Amino acid sequence: MIRSLKQKKQSKKSKNSDDITEPHTKLLLERFPYSIKDLQFREVPTLHVSQDFFLNPFKTIDDLYNKGYEKFGIVKLLLPSELIVPEKKFFSDLESKLKGKRVETRVQTLNSLQAGEIFGSNTVGFTLQEYMSYANKFECSHKLQGVREVSNQIRQNEIEFWSIVDFPERYNEVEVEYAADLLATKYATGFQDGQLGNLSTINKNCNSIFQVLQEKSEMSGISVPWLYLGMKYANFCWHKEDLNLNSLNYMHAGAPKTWYAIPPSHSEKFLQYFNKKYEKERIHNPRLLYDIVCQISPIELAEQEISIIRTEQHPGELIITLGATYHAGFSHGFNCSEAVNVAPTQWLDEYDRASAEYRMDGNLKKVSFPLEWLLTKVVLMADQVKFTKQSWIKLFDKFKMMIHSEIASRNSILVLYEQVKIVEFANKLEKYDRNVCKICSNYMFFSYIFCGKCLKKGCIAHQSVCACSNPKISLYIRYNSEELQTMLTTLESKANQTTGQ
């Protein structure tokens, strides 16, 4: 929807408008401040894969790491064309699955995307047909707000999109709605029954740490796919995946998306620039970065010598993000995509980097789950899950480091306090979110200290949880040292006994 900034409440309507042939009359003689030359970025690495990719997807991910693609932070995979479901059939099938369910949307105003304002919400939402109609009506009625520079519509959209974002006062207000983060288990998956490549089952493959998640509710929203319905200029702002997890984003049908990504080596540089640019806004909203509502043009970032790579995603193409990769982008029309997070063993070190970053930022973002819990599940299910020898070795090395750190912290508590009472959990299998640290708000899976005087509890890494003069400290542990050592031995055995690579 386009509105005059002076008349935001009054919609302008046109029956016969087309952004290809009919620029906005207000700016008919004005050029956009950006040109196609400003949007020349390196292309995201692109690879062709066969249907075999879905038989062992984590082998391909291993290959990407082994060949150094991690330095780009993003890769586009071109899948065989026969896997693409025809658009008409796809949306007909999706409508049947949704069964008239309404989807809520984020209301995004292009002219205020740089301002760091929380998006509005359309809680009434749309049915699939209503959203499709809304998106198509917007696209047909949208008037180009400047002189057309190129015939390629995608590139022309880029010029207009970033011109409006960076110079909002020059243009009439453009409002779009984005149906994002629709949990597949609640709404629907876009994949057909039996369709090769269903993201709902991809985490059950060999070398996926998320194999251990038996129930869909165990980690809702991370290991379960999300569905996305987009329209022209509906966009996702700069962000990294939760805990630097890898992600797979598949486009089912519709108009393409343009993606921009910042390689991991420039992640810290982006963060520093973001914090400087939004210094005043972060005073009022310290969580601004994590709210994912700030759109900074890749042109501006490139001027700060922050590396940018770009690509276009079309139906049947899969975008993979690797590690600490900030990414952003927008759609060029009505479309449907589906995404899921994945955890190969190469991600284990990323967990530490992400959680350290959260701590440095004052724990404004909470760790979604404790790695101790996830790896403990791997140990308890060691005979049921499948990993290659190299992956078992990585799991063993990480778990060994965690166990040694845990035992050292426990010993420090015993030395620091007199008469520490050690209490083992009554239920060793209780969920990880039962105990939360009073100091850092992180989950305490293996253990915690508790003061019987003030009734506060916290991570043993803090060593002190209260200011009591004579604290009455208890050390609560889920597993004793012997049990932890037995678990470590289990992983070591799997690493030694597994043959091949």
Side-chain angles (χ1 to χ4, degrees), residues 1-12 32-34 103-126 131 134-135 138 142 145 157-182 221 226 228-242 257-260 262 270-301 303-304 306 326-331 358 361-362 364-366:
M1 184 180 295
I2 299 181
R3 298 191 181 108
S4 167
L5 288 175
K6 296 180 180 179
Q7 297 175 311
K8 292 185 179 181
K9 294 183 180 180
Q10 182 178 353
S11 297
K12 292 189 175 183
F32 286 108
Y34 292 139
V103 297
E104 296 184 11
T105 58
R106 301 171 185 169
V107 181
Q108 302 174 317
T109 303
L110 269 60
N111 308 66
S112 59
L113 285 177
Q114 277 234 28
E117 299 175 356
I118 302 298
F119 297 140
S121 297
N122 178 350
T123 55
V124 175
F126 301 86
Y131 184 77
Y134 178 82
F138 171 87
H142 178 73
Q145 296 197 58
N157 288 345
E158 276 188 275
I159 293 170
E160 180 178 47
F161 181 88
W162 293 115
S163 293
I164 295 173
V165 170
D166 279 1
F167 303 92
E169 71 285 346
R170 297 189 188 182
Y171 301 101
N172 286 341
E173 187 178 272
V174 179
E175 181 182 279
V176 297
E177 300 195 32
Y178 187 20
D181 298 336
L182 307 175
W226 299 91
Y228 298 83
L229 296 173
M231 60 181 288
K232 185 171 184 175
Y233 293 158
N235 60 96
F236 52 102
C237 298
W238 291 103
H239 69 288
K240 293 189 298 183
E241 295 301 307
D242 198 16
K257 287 182 184 178
T258 295
W259 287 67
Y260 308 91
I262 298 171
F270 167 84
L271 183 59
Q272 291 174 359
Y273 181 68
F274 181 95
N275 289 339
K276 180 180 178 181
K277 179 180 176 70
Y278 291 102
E279 185 175 4
K280 292 181 180 179
E281 290 81 358
R282 292 178 74 242
I283 294 174
H284 303 290
N285 180 12
R287 283 185 46 84
L288 187 61
L289 175 66
Y290 306 117
D291 287 334
I292 316 180
V293 292
C294 298
Q295 199 63 284
I296 308 174
S297 78
I299 301 168
E300 179 180 346
L301 294 174
E303 289 173 348
Q304 302 300 317
I306 297 171
Y326 283 100
H327 49 285
F330 68 94
S331 293
Y358 298 165
D361 207 15
L364 293 171
K365 181 171 177 62
K366 187 175 180 178

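Just so it is clear, the structure is predicted and the values come from calculations on it, not from any experiment.
Every salt bridge (charged side-chain N to carboxylate O under 4.0 Å, His left out) that E158 has, sequence neighbours left out, goes to R155, R310. The side-chain contact (heavy atoms from CB on, under 4.5 Å) test applied to I118 returns N285, D291, V293, not counting sequence neighbours. In this structure, the side-chain hydrogen bond (donor to acceptor under 3.5 Å, both in side chains) partners of K257, at least two apart in sequence or on a different chain, are S337. Shown here are the ring pair (Phe, Tyr, Trp, His ring centres under 6.0 Å) partners of Y228, two or more places apart in sequence or in another chain: there are none. Scanning for side-chain contact (heavy atoms from CB on, under 4.5 Å) contacts around P286 gives L364, with sequence neighbours left out. Residues passing the side-chain hydrogen bond (donor to acceptor under 3.5 Å, both in side chains) test with K277 are Q114, E300, sequence neighbours excluded. Y34 pairs by the ring pair (Phe, Tyr, Trp, His ring centres under 6.0 Å) definition with F167, not counting sequence neighbours. Y326 pairs by the side-chain hydrogen bond (donor to acceptor under 3.5 Å, both in side chains) definition with nothing, not counting sequence neighbours. In this view, F236 and W259 satisfy the ring pair (Phe, Tyr, Trp, His ring centres under 6.0 Å) rule, not counting sequence neighbours. Evaluation of the ring pair (Phe, Tyr, Trp, His ring centres under 6.0 Å) rule for Y178 yields no partner, not counting sequence neighbours. Remark: Q295 engages N235 in a side-chain hydrogen bond (donor to acceptor under 3.5 Å, both in side chains) (not counting sequence neighbours).
Applying the salt bridge (charged side-chain N to carboxylate O under 4.0 Å, His left out) test to every pair with at least one member in residues 105-119, sequence neighbours left out, gives these pairs: R106-D181.
The distance from the OH atom of Y131 to the CG atom of N122 is 10.5 Å, given to the nearest 0.5 Å. Atom CH2 of residue W238 and atom CZ of residue F270 lie 6.5 Å apart, to the nearest 0.5 angstrom. Atom CD of E177 is separated from atom CG of L229 by 12.0 Å, given to the nearest 0.5 angstrom. In this structure, CZ on R170 lies 12.0 Å from CD1 on I164, to the nearest 0.5 angstrom. Between the NZ atom in K276 and the CD atom in Q304 there is a gap of 7.0 Å [rounded to 0.5 Å]. The distance from atom CZ of F32 to atom CG of D166, rounded to the nearest 0.5 Å, is 13.0 Å.
Considering every non-hydrogen atom in both P33 and Y171, the closest pair reads CD-OH, 3.0 Å. Taking both residues in full, the closest heavy atoms of E173 and T109 are given as CG-CG2, 3.3 Å, listed atom of the first, atom of the second, then distance. Contact record, A234 with Q108: CA-OE1, 3.5 Å, taken as the closest heavy-atom pair. Residues Y278 and C294 approach most closely at OH-CB, 3.7 Å, considering heavy atoms. Listed here is the closest heavy atom pair of Y290 and D361: OH-OD2, 2.8 Å. Taking all atoms of both residues into account, the shortest heavy-atom contact from G230 to S331 is CA-OG, 4.4 Å.
Between Y260 and W162, the ring planes lie perpendicular to each other; the angle is over 60°, past the 30° to 60° tilted range. Between F126 and Y134, the ring planes lie tilted relative to each other; the angle falls in the 30° to 60° range.
No side-chain heavy atom of V176 sits less than 4.5 Å from a side-chain heavy atom of K232. The shortest distance between side-chain heavy atoms of V174 and F161 does not fall below 4.5 Å. The shortest distance between side-chain heavy atoms of D242 and K365 falls below 4.5 Å.
Side-chain atoms of Y233 and E160 form a donor-acceptor pair, as typed in the model, at a separation below 3.5 Å.
A donor-acceptor distance shorter than 3.5 angstrom exists from the side chain of Q145 to the backbone of N172, with no hydrogens or angles considered.
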